[in-house]
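Report on one structure; see the data block that follows.
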Amino acid sequence: MLFDVFARGESWIARAALCELLSLSFRYPDDVLADAVSSGDWVCAAREIAGVLGLDLPGDFDEGSLGAVPLCGAEALVDSRSLLSALRVEATRLFVGAPEPACSPYEGIRRAEVEGVPALMFVNPHSMEVERFSRACGLGRPEGTNEPLDHVATEFELLQVLALRAAGVEAAGAEGVAQAELPGGSAAAAYELFLAEHARLWMPAFAEDVAAETRHPFYRAAALLLRAFVAAA
């Protein structure tokens, strides 16, 4: 994973690593996430990336230890399979819901709610803007999927690719679009443009809602990390 190599001291690599970590944190939990959290690697990576980028994390950021000793390399206290089950239950409640999620992870739905207009998935202007932006960067919906591209985890995948390209690393899945053809004329400009036109406009409120609503310490920590990222971005 990229967050294993961010210590090169390159700010764009560190940003890419943080975007990868946040994308992993907010997509539907899998074995990779459960292993990273239960081993303490997630906390270790979050702390170190925050240090490289100068992010302001609160002192109780990892309160509850997220199911593991909050020290790099420490032995996990919670079995990853048990943790995976708990994370999936909480992710379903927060981001999927029955019938409604506690904290919708989609930009278009959240911004429509703020604007007081019908929140229709896919066919709202904000979702369509994200899709156009992604395609302009050479990224689209993976074949065989029907997931809107304005999901918080997917938006961080886009930011990760742009940060990598700004660092001079060609990211998989973004072939065919030259730097000069990206929005703003470069990967760095496209990254900043997406932050200004999308991420900064809805992710702060999303982070606050998740931190306030969640019943699991991991999602509180992930929300605090997201809040610190957007505040400094």
Give the minimum heavy-atom separation between [X] and [Y], together with the two atoms involved.
| X | Y | answer |
| --- | --- | --- |
| C103 | E213 | SG-CB, 3.9 Å |
| R93 | T214 | NH2-CA, 3.8 Å |
| G108 | S127 | CA-OG, 3.6 Å |
| A166 | A187 | N-CB, 3.5 Å |
| A91 | P29 | CB-CD, 3.5 Å |
| F95 | P101 | C-CB, 3.5 Å |

Counting only heavy atoms from other residues, nucleotides and ligands, does the tally under 6.0 Å from CG of D56 exceed 12? no
Are Y28 and V210 co-members of a hydrophobic cluster defined by side-chain heavy atoms under 4.5 Å apart?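 Unlinked, V210 and Y28 end up in two clusters.
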Verify same cluster id: L24, V96 (apolar side-chain graph, 4.5 Å):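 Each belongs to a different hydrophobic cluster.
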Please enumerate all residues that pass ring pair (Phe, Tyr, Trp, His ring centres under 6.0 Å) together with F194, with sequence neighbours excluded.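 Expected list: F133, H198.
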Counting distance only, does the side-chain N/O of [X] pair as donor-acceptor with the main-chain N or O of [Y] below 3.5 Å?
| X | Y | value |
| --- | --- | --- |
| D41 | C44 | no |
| Q160 | C19 | no |
| S39 | A36 | yes |
| S38 | A34 | yes |
| E181 | A178 | yes |

So if I apply the side chain to side chain contact (heavy atoms under 4.5 Å, CB included) rule between T154 and each of L149, L159, V130, L139, which one comes out positive?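 Going through the options one by one, the only one that passes is L149.
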Distance from [X] atom [atom1] to [Y] atom [atom2], nearest 0.5 Å?
| X | Y | atom1 | atom2 | answer |
| --- | --- | --- | --- | --- |
| M128 | H126 | CE | NE2 | 10.0 Å |
| W42 | L21 | CH2 | CG | 5.5 Å |
| L33 | L84 | CG | CG | 8.0 Å |
| R27 | E157 | CZ | CD | 7.0 Å |
| M203 | L226 | CE | CG | 6.5 Å |
| L87 | S25 | CG | OG | 10.0 Å |

Give the C-alpha distance, both sets of side-chain angles, the deciding distance and a yes or no for salt bridge (charged side-chain N to carboxylate O under 4.0 Å, His left out) between R110 and D150. CA-CA 10 Å; R110 294 187 65 90; D150 63 334; over 6 Å; no
CA sep, side-chain torsions, deciding dist, call: E208, R227, salt bridge (charged side-chain N to carboxylate O under 4.0 Å, His left out): CA-CA 7 Å; E208 294 296 338; R227 185 178 70 182; 3.3 Å; yes
Just say parallel, tilted or perpendicular for the rings of Y219 and F26, cut-offs at 30° and 60°.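 Because their plane-to-plane angle lies in the 30° to 60° range, the rings of Y219 and F26 count as tilted.
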Taking it one step at a time, do E192 and L195 satisfy side-chain contact (heavy atoms from CB on, under 4.5 Å)? CA-CA 5 Å; E192 298 297 338; L195 286 176; 3.9 Å; yes
Which is it for I13 and V52 under the side-chain contact (heavy atoms from CB on, under 4.5 Å) test, yes or no, and what are the steps along the way? CA-CA 10 Å; I13 291 293; V52 171; over 6 Å; no
